[in-house]
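To start, the structure itself, in structure tokens.
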Amino acid sequence: MAQKYILKRSDLPTRSDSRIDYRKELNPAQHEAVTAVDGPLLVIAGAGTGKTRTLVYRVAHLVDIGIDPRSILLLTFTRRASEEMLRRASLLIDSRCAQVSGGTFHSFANTVLRHFGPKIGLSPSFSIMDRPDSEDVIQLLRAELGLNAKERRFPRKHTVGEIFSLALNKQWTIPELVERDYPYLYDSLEDLLRLFERYETYKSQRILLDYDDLLIKLKTLLADHEEARRRLSDTYRYIMVDEYQDTNRLQSEIVRLLAATHDNVMVVGDDAQSIYSFRGANFRNIMDFPKDFPGARLISLEENYRSTQPILNLTNEIIARARERYEKRLFTAKQEGDTPVVAQADSEQMQSRFVCQKILELREEGVPLWDIAVLFRSSFHSFDLEIELARHNIPFIKRGGFQFMETAHVKDLLAHLRVLSNPQDAVAWNRALQLLEGVGSQQSQKIIRWLADGSHPIERLRSFSAKGKVAHGLKTLAQVLAACSDGQTPAEQSQYLMQYYQPILKRKYADDYPKRLRDLEHFQGMTERYRSLERLLSDMALEPPNDSVDGALAVDPDEGPLVLSTIHSAKGLEWHSVFIIWALEGRFPSYYNMNSDEELEEERRLLYVAATRAKENLFIAYPTRVFDQGLHAVLSRPSQFIEGIPEDLLEPVTVVDEESIDRGWER
């Protein structure tokens, strides 16, 4: 008989002697932030200054002094971040920290609306649409309103979705947004407003919410229903918000409403790292916090634990030129280190060769490839470098591209699960039906209208009048969905649906069927963690995994890989050595992002974020004599953000080809 191996309870034991010497564990500024209890508090946390550590210790301190952990709300920008913070707080104190409410604004809104939704006429069984789903609905309604057939070309579904989303998140009207950011679409304004009204009606009729609706409806609940507002505010007496510089206007208004019965709000962020305005983030939120919460204390974290002092001297200089900022100057105990380098290359190819050669030198010095990153402002800036890396057999992974949950095959399987959760979900039905042979977009919409006329769509599917392959496909689909009963776990339902979907997958994606199948097997493994289909679908919509299996396992970890990344994707990360390429005026900052002081200042902050990722080595490079076809001009100057910086802070280097030296061509 096999022996039993018993897994211990995951709950950490409650310790009565869990006193922490906070002064010993924290530097003075961190200690001041951690031990502040009541009232509004703004913590300006410079790059690498222990922001997460400060939040973790503050959670522990609040619980440690006897505050009910259920009255603490920790809002972060990823669920993983809040889970990790609460796990670390539990290790410091005990399992009481697990009772703290943590998550993203969207996941918090989802939880609240499932409970309080009826107060604003919202059914708790709503489905959440991701961005591609929203765009599919917009495309459908565009056709319905005849906007596809107009002589004047109507904006694409992606642009329309972006306009709708930004208007809501910035709390602007659509006319205001179009006039300011999309003036070339002003002739389409009337049709955009008609489409938006139809889009809102469509979602309401089908119990669908998109990402923005979660926040809009939470704000509506808090603003219009005093009882709910007071109850939630009394429940969450201590609110903490991470990365406050990345919040949009809607999120800042939600924070203000949640604190209706108290002002115990601590926000942590760095004005110098506000780089997401294209997503609706509002730089003014962190700058105006003292106005929104009069009497707020301001604490700056300035001791850096990541970079050497020479790197910090440069980053301090870069951000010191900003027009508006909170005063801080980063310092570190790591005083020794190499001065950052700015390399001028004659061409893009020479820039790429410089980066490759330097990476190989660093590897010879013992720096692993995975601890080196090449950062750039725009994704296309790395194309030439990727070719050069391949020539040198340097393995790399590029951050960005298709997300795992955005791949067509995963969305196909999810559509069937969404139909099980919400049979009124017309978007999911449309995707599932068009997988059937013989069913196109028009036939799919006809079937969906038929299903909407009855009370049990899945049962009703069997009786739709069709012939041949279509009839067979509909009956098979109805049988499969009916077999996935409520009593089954999400893993069981997913496994059954995979058996049904596998022949479709092979037919539809014959070219790379094995890779896509591995992705689905990876997804199947994720479903094992869930007991609730609603929770699974909410998590997949709100916190999707990032990488497909091939992308995650493409390179032997002993070999690397080197990281290529846009700066936006690199925020929050760090590497031993960092290269920033294309620091060329006209490209960084881009001429297309110099229309206003606000855009130019965000470009400056983008360079600051890139430079503060480096721990030991920082290289900035730019090519000269680059002809820009769009501008019909030759770009040759270094970025204005580094031009004029003293050589003792940024050492200039000219990249010279060995052949040109041999032939006497060196300038």
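Residue numbers count from 1 along this sequence.
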Applying salt bridge (Lys or Arg N to Asp or Glu O under 4.0 Å), name anything that partners Glu135, two or more places apart in sequence or on another chain. Arg131

Paired with Ser107, the side chain to side chain donor-acceptor pair (under 3.5 Å) test is passed by just one of Thr104, Thr111, Asn110, namely Thr104

Phe77 and Tyr276 aromatic centres sub-6.0 Å: no

Strictly below 4.0 Å, N to O, side chains only: are Arg80 and Glu83 in salt-bridge contact? no

How about His392: does its NE2 atom have over 12 heavy atoms from other parts shown lying under 6.0 Å from it? yes

Quick one: list whatever passes side chain to side chain donor-acceptor pair (under 3.5 Å) with Gln443, sequence neighbours left out. none

Would you kindly check if the NZ (Lys) or CZ (Arg) of Arg206 is within the cone defined by 45 degrees around the ring axis of Phe126 and under 6.0 Å from the six-membered ring centre? no

Would a 4.5 Å heavy-atom cut-off, applied to side chains only, mark Val137 and Asp133 as touching? no

Could you verify whether a donor N or O on one side chain and an acceptor N or O on the other, from Ser569 and Thr566, lie under 3.5 Å apart? yes

Would you check if the distance from the ring center of Tyr501 to the ring center of His409 is below 6.0 Å? no

Do Lys411 and Asp130 meet the salt-bridge criterion of a basic N to acidic O distance under 4.0 Å? yes

Do we get Arg198 above Phe196's six-membered ring, with its NZ or CZ under 6.0 Å from the centre and within 45° of the axis? no

Is the closest basic N to carboxylate O distance between Glu437 and Lys469 below 4.0 Å? yes

